[in-house]
Protein chains: 2
Amino acid sequence: MSTDDPTSSAGIAATTPTEARRPLTLRDVSEASGVSEMTVSRVLRNRGDVSAATRERVLAAAKKLGYVPNKIAGALASSRVNLVAVILPSLSNMVFPEVIDGISNVLEDTELQPVLGVTHYRPEQEEKVLYEMLSWRPSGVIIAGLERSEASKAMLRNAGIPVVEIMDVDGEPIDSVVGISHRRAGRVMAQAIIEAGYKRIGFLGTKMPLDHRAKKRLDGFVDALEAAGMKLADEEYYEGGSGFGKGREMTKAILERSPDLDFLYYSNDLIGAGGMLYCMENGIDIPGRVGMAGFNNIELLDGLPRQLATMDSCRREIGEAAARIIAERAGSPALAGGEHVVLMPKVTMGDTLQRQ
Amino acid sequence: MSTDDPTSSAGIAATTPTEARRPLTLRDVSEASGVSEMTVSRVLRNRGDVSAATRERVLAAAKKLGYVPNKIAGALASSRVNLVAVILPSLSNMVFPEVIDGISNVLEDTELQPVLGVTHYRPEQEEKVLYEMLSWRPSGVIIAGLERSEASKAMLRNAGIPVVEIMDVDGEPIDSVVGISHRRAGRVMAQAIIEAGYKRIGFLGTKMPLDHRAKKRLDGFVDALEAAGMKLADEEYYEGGSGFGKGREMTKAILERSPDLDFLYYSNDLIGAGGMLYCMENGIDIPGRVGMAGFNNIELLDGLPRQLATMDSCRREIGEAAARIIAERAGSPALAGGEHVVLMPKVTMGDTLQRQ
DNA sequence: TTGAAAGCGCTAACAA
DNA sequence: TTGTTAGCGCTTTCAA
């Protein structure tokens, strides 16, 4: 916060919260300081040359009154809005909060501010949120995934602002894209599993048909199995939120149905952790009797009895890279778009993916 | 989404993303439909009487052009902004995402939209975020905690909009408040532990001096112990993010230092889970040799080898109640404020808080 | 270094 | 049912 920021120290008027007063305007500060509105505006924005004396007077008056500028009016007049729309499918699975952290970290050093919208993996909801956010004329959009309705695509193309699609790179981006290939993630994991000598592999994942990235991982996984003349030995799907309990139930179910499985590939670390706990409790040796792997590399889970094999989804890096692209282009709108950033995480073998 | 929403179906112009075009205005739609700007405005907002024929023409034109209204101008003209500022300390610990979910659930049925700001538990950051958000003149503020800088308090008081402070009720709210008493939470948990017959109780928690709620829980806990003529037998503090690994390390440390402890009170479920895993691996019987309890009632953890004793922090309910207060008052600004909603969660005994 | 005038894109209020 | 006028609070542009 700059030292000119009227909030930076105490002394703001502690007006009693009587009936809703008219919000203060530049004019009020102008009158209180005996300086034109224009000059007050200049002081408050650190723009143009203002004498030190005037500056002091204005700042004092603003702070005394407790003036908070009206960005709505400012944005309308300047047609500049320092907001970046961030549109994500969910906050509940520990992956997107980290993306947001990455974004905030980068934007904190700029004038830009992230504004969050959540779609719950529903295209109609995405359309609605997008429409809502674009109507505030943000300086850029960061949005998860590449699959969306035609209407959403059209809005993004027509918005005339930088758009960064994140998480996934398997598809046609509208403008810029930052992420990993989920097909590759599935493929590479399958290869590591095959190489370790596992033969009868089961998959446990979400039923959610709208989680395109989970689907792509599975597709890549199956492709790699087929390339090695193998196929999935069994599958188990769930609905609703991920958690240890889900992982347990599913693991129990699949192992009872297919006791000869020697590897379990989970669509995320959380259900993988549940499966690990189930196996350990039931004396099923990991990774000897069954190996297992998840996806995401959730830090919170460091400290499970075994370290789960996984692959990093590069959440923070993705957020940071996306924010950097927006920040650069917001600074000089002339810049061409279409940046493609493809991250290449490796398999973390952990303790659960190795033939003993 | 109403059927009048111009985004609701395909057919939006898929203009090629040439150089940044001038964003469309009401005037463009007015010209394209041969109807006055004012009437176009009325159609798009479903306000006032408009003939079905005109309505059709306008909607068709808007959709064909791909018009997205400019809320900035709308807000300035109407001095109504359908935004609710939601200011939270963090997204990384699984508690606040659920609060946000609760808020969104309720606001989805209204015109209001949540806008998120994150403070990382830093008062200066809170001040900055608050200033930034208030400068958009939102319809209300939902903000975590009761402790904040004088400047922040002054801004909230002077904003002239409903303010709901959430999570905690131990203190003086500015306007409305929704939460639980963290003092009571600590006290009630201590009483349950004492009643179960545990005598030598250790505390494991965050060092973070700015997490007032964690501090209050500990205070209440210690108070209840003292009332029973007891005191904390040992304490262990950590810094940085919570995770199983932290819980393990701390548990190891405190039990090696004080092997005679018979109960471990963790400041949250995540480190509690880590402690549980540590004890089970090291043949420390739970709850016979040591009992344990956490805080928050994190759903994800259902499926641990033992169900951890805990107390619900009512995250979703708090979000919902807060949003409801804002929604009501935004609807009829004349309504008085100062609602106090105090939730009273009970101890969940689980498997880790009972003398065998 | 400061000020005055015009207008950003929309909506409230009123008129037709 | 539709249109006209004025102006929301600020910034841009130009003049002093």
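The chains referred to below are lettered A, B, ... by the order of the sequence lines, with proteins before strands, and numbering in each begins at 1.
Checked for salt-bridge contact, B:Arg329 and B:Asp175 meet the test: a charged N lies under 4.0 Å from a carboxylate O. A salt bridge is defined here as a Lys NZ or Arg NE, NH1 or NH2 lying under 4.0 Å from an Asp or Glu carboxylate O, and A:Arg42 with A:Asp49 fails to meet this definition. Salt bridge absent: A:Arg324 and A:Glu328 never bring a charged side-chain N and a carboxylate O closer than 4.0 Å.
Contact check, B:Ser78 against C:dT11: no side-chain N or O comes under 4.0 Å of OP1 or OP2. For C:dT2, the OP1/OP2 oxygens have no side-chain nitrogen or oxygen of A:Arg42 closer than 4.0 Å. Contact annotation: A:Tyr67 does not reach the phosphate of D:dG9 (side-chain N/O to OP1 or OP2, under 4.0 Å).
Here the side chain of B:Met38 is nearest to one of D:dC10, D:dG3, C:dC8, namely D:dG3.
The base of D:dG9 does not come close enough to the side chain of B:Arg137 for any donor and acceptor atom to sit less than 3.5 Å apart.
The terminal axes of the helix from C:dT1-D:dA16 to C:dA16-D:dT1, fitted over 5 pairs per end, subtend an angle of 30° to the nearest 10°.
Crowding of A:Arg27 atom CZ: a count of heavy atoms from other residues, nucleotides or ligands under 6.0 Å not exceeding 12. In this structure, A:Glu31 places its CD atom where more than 12 heavy-atom neighbours from other residues, nucleotides or ligands lie under 6.0 Å away.
As judged by a 4.0 angstrom heavy-atom cut-off over every strand, A:Ser79 is placed among residues making no nucleic acid contact.
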